[in-house]
Amino acid sequence: MPQAGGQPPAKRLRAALPPRPAMLPAPPAPRRVPPHADSQRRSLPIFQARGKLLSHLRALDSAILIGETGSGKTTQIPQYLYEVGIGRQGIIAVTQPRRVAAIALSTRVSDEKKTQLGKLVGYTVRFDDLTSDETRIKFLTDGMLLREAIGDPMLRKYSVVILDEAHERTIHTDVLFGVVKAAQKKRKELGKLPLKVIVMSATMDVDQFSQYFNGAPVLYLEGRQHPIQIFYTKRPQSDYLQAALVSVFQIHQEAPPSQDILVFLTGQEEIEAMTKTCRDIAKHLPDGCPQMIVMPLYASLPYSQQLRVFQPARKGCRKVILSTNIAETSITIAGIKYIVDTGMVKAKKYSPETGLEMLAVQRVSKAQAWQRTGRAGREDSGICYRLYTEDEFEKFDKMTIPEIQRCNLASVMLQLLALRVPNVLTFDFMSKPSPDAVQAAIEQLDLLGAVERKKDQLVLTPLGRKMAAFPLEPKFSKTILMSPKFHCTEEILTIVSLLSVDSVLYNPPARRDEVQSIRKKFISSEGDYLTLLSVYRAFKNVGGNKVWCRENFVNCRNMMLVLDVRAQLRDICVKLSMPIESSRSDTGNIRRCLAHSLFMNAAELQLDGTYRTVDSHQLVAIHPSSVLFHCKPACVVYNGLLHTNKCYMRDLCVVDADWLYDAAPDYFRRKLRTARN
DNA sequence: GAGCACTGC
């Protein structure tokens, strides 16, 4: 047992949550047809407010709807609107940040309406569209509605757009705010069918939403949240891992074994180490202490192991789940009584000056802390230990910085231009990204040849318009569009698909030597892109065999996704009438094609053995996951930079320096000039 | 010489 060197969580607060804590999406709906669907619907808290809500919503162009967990707003509001004929002349769209939520919710609602999924109620997510001409209530991912908007910026199919989970502020929802607002205005001006916009959120910060939508009224709904006790530490903790460990075992000694614990940590490595430590300690607990089962949970964990967190522990045994913030929103686990919140999260930052993405451990926001707290008390009252003092908590940021202010904006700017937004520089964002970030994105699009000035207006070039057709980062769309010139479109499609999903290479740390010897047969001395290509080709040769994947340390789930992505991209190429050729064994053309589209991501070996980027002369290193980690090629292009302890290049390809200069002579002349100055 | 929060099109 670790001694309580860290303070025991001490300060007892009244079971008072803030007025409206940021809460969670409804738990994934179980697939069942309730015997008394109607009486169940009527028993929801929202049902009492039905009449009032509808008379409000009927009169309003826009409304903000705040509802806590369990209010049933997401499943009921679309049905209410449909039942009284609001928006019969068009489809009611409900957006969700995640695919699984869109699918689960549409299933639930179509069950409640006693209809077949895909008829009256349907869903549209990438690779999967279950809607028909009859569909009047349509759940879709926010990214999907945004993509639809490119084809129809006024969203003419829809009479109502409901943006759900707005408090999560995903980049897609943030862009949609502006898109639906513009569509609403335009439709009004043209005297067309009005577009009703409903923003649904669980946030405390409603003023911003209301203000943005021209002072739209805010409607509140009651939820069904059980009380949660919150404890802070007396003193700041210098070691949150140690503090978490102490808390877990204190709870374990005091609480009945049927009550499970969820601990929020920052990343895979930390979680695996903590899992081991907990298991070791749990082996040597004193007699009479209940047993403990410790489970790690993070996104890259194989699916089968993720599923284990849903199994109830056997009687007399406590479940302890050590999780990243995947358990904050994406995965809901029943039966959690205790939350241990370290107050830390690993999150991405973006600096437009350097184009660098940083992945850093940092403090959560207050909203995030409330979100974590709310993960207890779903079925019954809960208890949350915050491993920081109340004073520290008061100093946390109120809200998490929206994604749109932490990202490279090249894709967003390309989409806005494709939507024919009059001026992307002054687009009406709810939270404006920094002008530097916007400028950097425009410059990147300019380098790729996607934009031009026409009558002092920034517009897409024909190439840029084609780029917007692909669901990819602009640089990858460009790579595909360049590929016919190098007669290697088949191979580029494969490489781009492989790069746009999570890695297909499975690297269990415990079996490192085994992985290395098996992987040898795929490794290309020309870099990661070509190594991935040879993994893909081998996979195709065995006909997508699961056993082969296991034997070769290939992540089968991600490989299947690659096949879907590739098919989608290939379809788009066909629609654009591109010739699709294979370069077969000629890798030179593939690398030339990559050099021609990724020239802004190039690095050269220096005399002292280090690498510097060609672009800004930034000191960089080859990422340890690269097959070129032990090599010193003279010149490479890379997929992106990641700043952790060092600045790493990820996913490399060996190229000829001459190819880069051929690809963009103006760009490099400019770079040379600035370098000399 | 040593590392990978989470989504989504």
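Chain A is the first sequence line, chain B the second, and so forth, proteins listed ahead of strands; every chain is numbered from 1.
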With the side chain defined as heavy atoms from C-beta on, A/Tyr648 is closest, among B/dG8, B/dG3, B/dC6, to B/dG3
Candidates B/dT7, B/dC9, B/dA5 - which lies nearest the side chain of A/Thr324
B/dA5
Please assess A/Glu392 against A/Arg386 for the test salt bridge (charged side-chain N to carboxylate O under 4.0 Å, His left out), listing each intermediate value before the final yes or no.
CA-CA 10 Å; A/Glu392 285 178 299; A/Arg386 292 182 167 170; over 6 Å; no
Between B/dA5 atom P and A/Leu297 atom CG, what is the distance in whole Å?
13 Å
Between C1' of B/dC6 and CD1 of A/Ile171, the distance in whole Å:
13 Å
To the nearest angstrom, the CZ-P distance between A/Phe127 and B/dC9 comes to 8 Å
Do you see a donor-acceptor pair shorter than 3.5 Å between the side chains of A/Thr329 and A/Glu168?
no
For A/Ile326, answer base if it contacts any base atom (sugar-phosphate contacts may also be present), sugar-phosphate if it contacts only those atoms, and nothing otherwise; contact means non-hydrogen atoms under 4.0 Å.
sugar-phosphate
Applying a 4.0 Å non-hydrogen cut-off, can you work out what A/Arg99 is touching in the nucleic acid: base, sugar-phosphate, or nothing?
sugar-phosphate
Nearest whole Å is fine: how far is B/dT7 C1' from A/Glu403 CD?
7 Å
Given B/dA2, B/dC6, B/dC9, which nucleotide is nearest the side-chain atoms of A/Arg512?
B/dA2
Expressed in angstrom and rounded to an integer, what is the separation of A/Leu140 atom CG from B/dT7 atom P?
19 Å
Please check if any side-chain donor atom of A/Asn408 sits under 3.5 Å from a side-chain acceptor atom of A/Glu473, or the reverse.
no
Indicate whether the side chain of A/Thr342 and that of A/Gln237 have a donor and an acceptor atom separated by less than 3.5 Å.
no
Which comes earlier along DNA chain B counting from the 5' end, the contact point of A/Glu269 or that of A/Ser500, where each point is its nearest nucleotide?
A/Glu269
What integer distance in Å separates A/Tyr240:OH from B/dA5:P?
11 Å
Which one, B/dT7, B/dA2, B/dG8, comes nearest to the side chain of A/Pro624?
B/dA2
Proximal nucleotide (of B/dC9, B/dC6, B/dG3) relative to the A/His623 side chain
B/dG3
Tell me which nucleotide among B/dC9, B/dG3, B/dA5 gets nearest to the side chain of A/Ser625.
B/dG3
Which of B/dC9, B/dT7, B/dA5 is nearest the side chain of A/Arg98? It is B/dT7
What is the separation between atom CG on A/Asp128 and atom C1' on B/dC9, rounded to the nearest whole Å?
14 Å
If you assign A/Lys348 and A/Glu473 each to the DNA chain B nucleotide with the nearest heavy atom, which residue ends up on the more 5' nucleotide?
A/Lys348
In terms of the angle between their ring planes, are A/Tyr388 and A/Phe393 parallel, tilted or perpendicular, with boundaries placed at 30° and 60°?
parallel
OP1 or OP2 of B/dC9 versus the side-chain N and O atoms of A/Thr141: is any pair under 4.0 Å?
yes
Between A/Leu642 (CG) and B/dA2 (P), how many Å, whole number?
15 Å
